[in-house]
Protein chains: 2
Amino acid sequence: MALNPKVFEEVSKIFKAYLETKELRKTPERFAILEEIYSRTEHFDVESLFISMQEKKYRVSRATLYNTLDLLEDCFLVTRHQFGKNMSQFEKSFPNRQHDHLICTDCNKVVEFCDPRIYSIQKMMEETQSFKVIHHSLTFYASCTKKDCDNFGKNNSVYRQSENQSNS
Amino acid sequence: MALNPKVFEEVSKIFKAYLETKELRKTPERFAILEEIYSRTEHFDVESLFISMQEKKYRVSRATLYNTLDLLEDCFLVTRHQFGKNMSQFEKSFPNRQHDHLICTDCNKVVEFCDPRIYSIQKMMEETQSFKVIHHSLTFYASCTKKDCDNFGKNNSVYRQSENQSNS
DNA sequence: CTCGGTGCAAAGCTTTTGCATCCGC
DNA sequence: GCGGATGCAAAAGCTTTGCACCGAG
C-alpha cells in the first residue's frame, strides 16, 4: 500500500548482495515477498502475508514464505518478534530506527519506543561478557491507565486476567 | 534436586492465597508441579517438566501442566519466556531477582543479568504513555567472542548462519 | 543442462479441547 | 453430592519436510 520506491530500491540491493554472498538464487518470489513486506506499515504474521499475496498477483506457498522470511531475517531486512505463545510476528527493518515495544495486555495495542539507555546496557554486556550482541528485544507488558483504552479497568484486580493472545 | 524448603513453603503460601482468591481448588497435582518447578535451577520447557514428573511419583497430564503453568504465571510464581519460535520456556520467579537474558546464537547458552537502567526506562514509559507496566522481557542475542564457546567462530561471517533452535 | 527453489500436501511439534471420571470443598 | 480438575486422546494451529516439477545461472 505505502511502498516507498527509494526504500524498496535500497533494500532490494541489500537483498541481492546477500543472496550473491550466499550463492542463492534471485527468484521473483523472493523479491515479491520483500516488496509485499515493505508495503506494510504494521507488524504482521505469516498467515496474513500469505493471504495478501494470494489476493494479489503472486501465488507463493507458505513454505516459500517461511524460507524467504528466514533469509530476510538473516540479512536484517526483517525483524522477528515473539510477542505471543505460538506465532512469530515480523516487521520490516527499514526505514524504522531500532525500537522496542510496549504491549497492552488488555487490548494488545502495540506502542513503539526508542531509548538510548538500552544501547548502553548492550555495550556494557559486550564488555563484561565477551559477547558480540547481534540484536535485542525489549518488551514491556502493561495495562492501560487511560479511560480511552478499549479495555480500561478490566485488569485492575490484584491478579491479571488470563491474557487473550489473539490479535486485535 | 535443589529444593529450598523455606522458599517452597513461602511460594506454597502465595499459591494457596492465589487459589483462594480465585476460588480455585488446591489439588495435589498443582502443588506437586509447583514443587517440581522450584526444584529446578535452570529454564525448562513443558516437555522436560512432563518427563521429570513421569519419572517420579506424580502422573500428571500435559493438559494439567499447561493449566497449572498458566496459573503460576498469573500469580507471578513462574515467568514465561519466548526465546525460540515454537516453544515457551519457563523459570521460577523466586528467589531470583528480576533479571534479563543474553543468549548465545551459536550454542543457545543463556547468561542472566540485571541492570537498573531498565527500571528507569520502564518508569519513564509509564509516565509518558499512561501505562502500568506489569512485567518486561529484555533479551540480547549475541555470538560469543571467546575461544571456549562451544561454537566459537561459526558465526563470524558477515551474515549469521541460520540458527539452531534446539536446546543444548 | 544442473541443481537450487517452488508449490503442494503431508507430517511434526507444541498447545488446546472434549469428555468421562475423579475428588476438593 | 456438586461442579471444578484431571487424564487421555484427539484436534487445532503454526511450522517444517518430502517430492516432483520448474526455472535461474
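Proteins come first, then strands; the chains are lettered A, B, ... in the order of their sequence lines, and each starts at number 1.
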Original post:
side chain to side chain contact (heavy atoms under 4.5 Å, CB included) with Val78(B): which of Ile37(B), Asp70(B), Leu71(B)?
Top reply: Ile37(B)
Filtered N/O pairs between nucleotides 21-24 of chain D and protein, under 3.5 Å:
from	atom 1	to	atom 2	distance (Å)
dG23(D)	N2	Arg25(A)	NH1	2.6

Subject >> Tyr38(A) (side chain) donor-acceptor with Ser93(A) (main chain) under 3.5 angstrom >> reply: yes
Original post:
Counting side-chain heavy atoms from C-beta on, which of dG7(C), dT15(D), dT15(C) comes nearest to Val46(A)?
Top reply: dT15(D)
**OP:** Take the protein atom CD of Glu47(B) and the nucleotide atom P of dG12(C), then report the distance between them rounded to whole Å.
**Re:** 15 Å
Original post:
What nucleotide, of dG5(C), dG7(D), dA5(D), holds the atom closest to the side chain of Ser61(B)?
Top reply: dG7(D)
Subject >> Interatomic distance, Ser39(A) atom OG to Leu34(A) atom CG [nearest 0.5 angstrom] >> reply: 9.0 Å
Subject >> Whole-Å gap separating P (dG24(C)) and CZ (Phe31(B)) >> reply: 12 Å
**OP:** Ignoring hydrogens and angles, state whether a donor on the side chain of Ser137(B) or Thr139(A) is under 3.5 Å from an acceptor on the partner side chain.
**Re:** no
Strictly under 3.5 Å: I want the nitrogen or oxygen pairs between protein and nucleotides 9-12 of chain D, one per line.
none

Subject >> Residue-phosphate contact under 4.0 Å: Asn67(B) side-chain N/O, dT6(D) OP1/OP2 >> reply: yes
Original post:
Whole Å only: how far is the CZ atom of Phe50(A) from the P atom of dT6(C)?
Top reply: 14 Å
**OP:** Find which nucleotide of DNA chain C each of Phe90(B) and Arg59(A) is nearest to by heavy atoms, and output the residue with the more 5' nucleotide.
**Re:** Arg59(A)
Subject >> Spacing of Ile33(B) atom CD1 relative to dT6(D) atom C1', expressed in whole Å >> reply: 10 Å
Original post:
Is Leu72(A) close to Tyr18(A) at the side-chain level, that is, under 4.5 Å between some pair of heavy atoms?
Top reply: no
Original post:
OP1 or OP2 of dT16(C) less than 4.0 angstrom from a side-chain nitrogen or oxygen of Tyr66(B), does that happen here?
Top reply: no
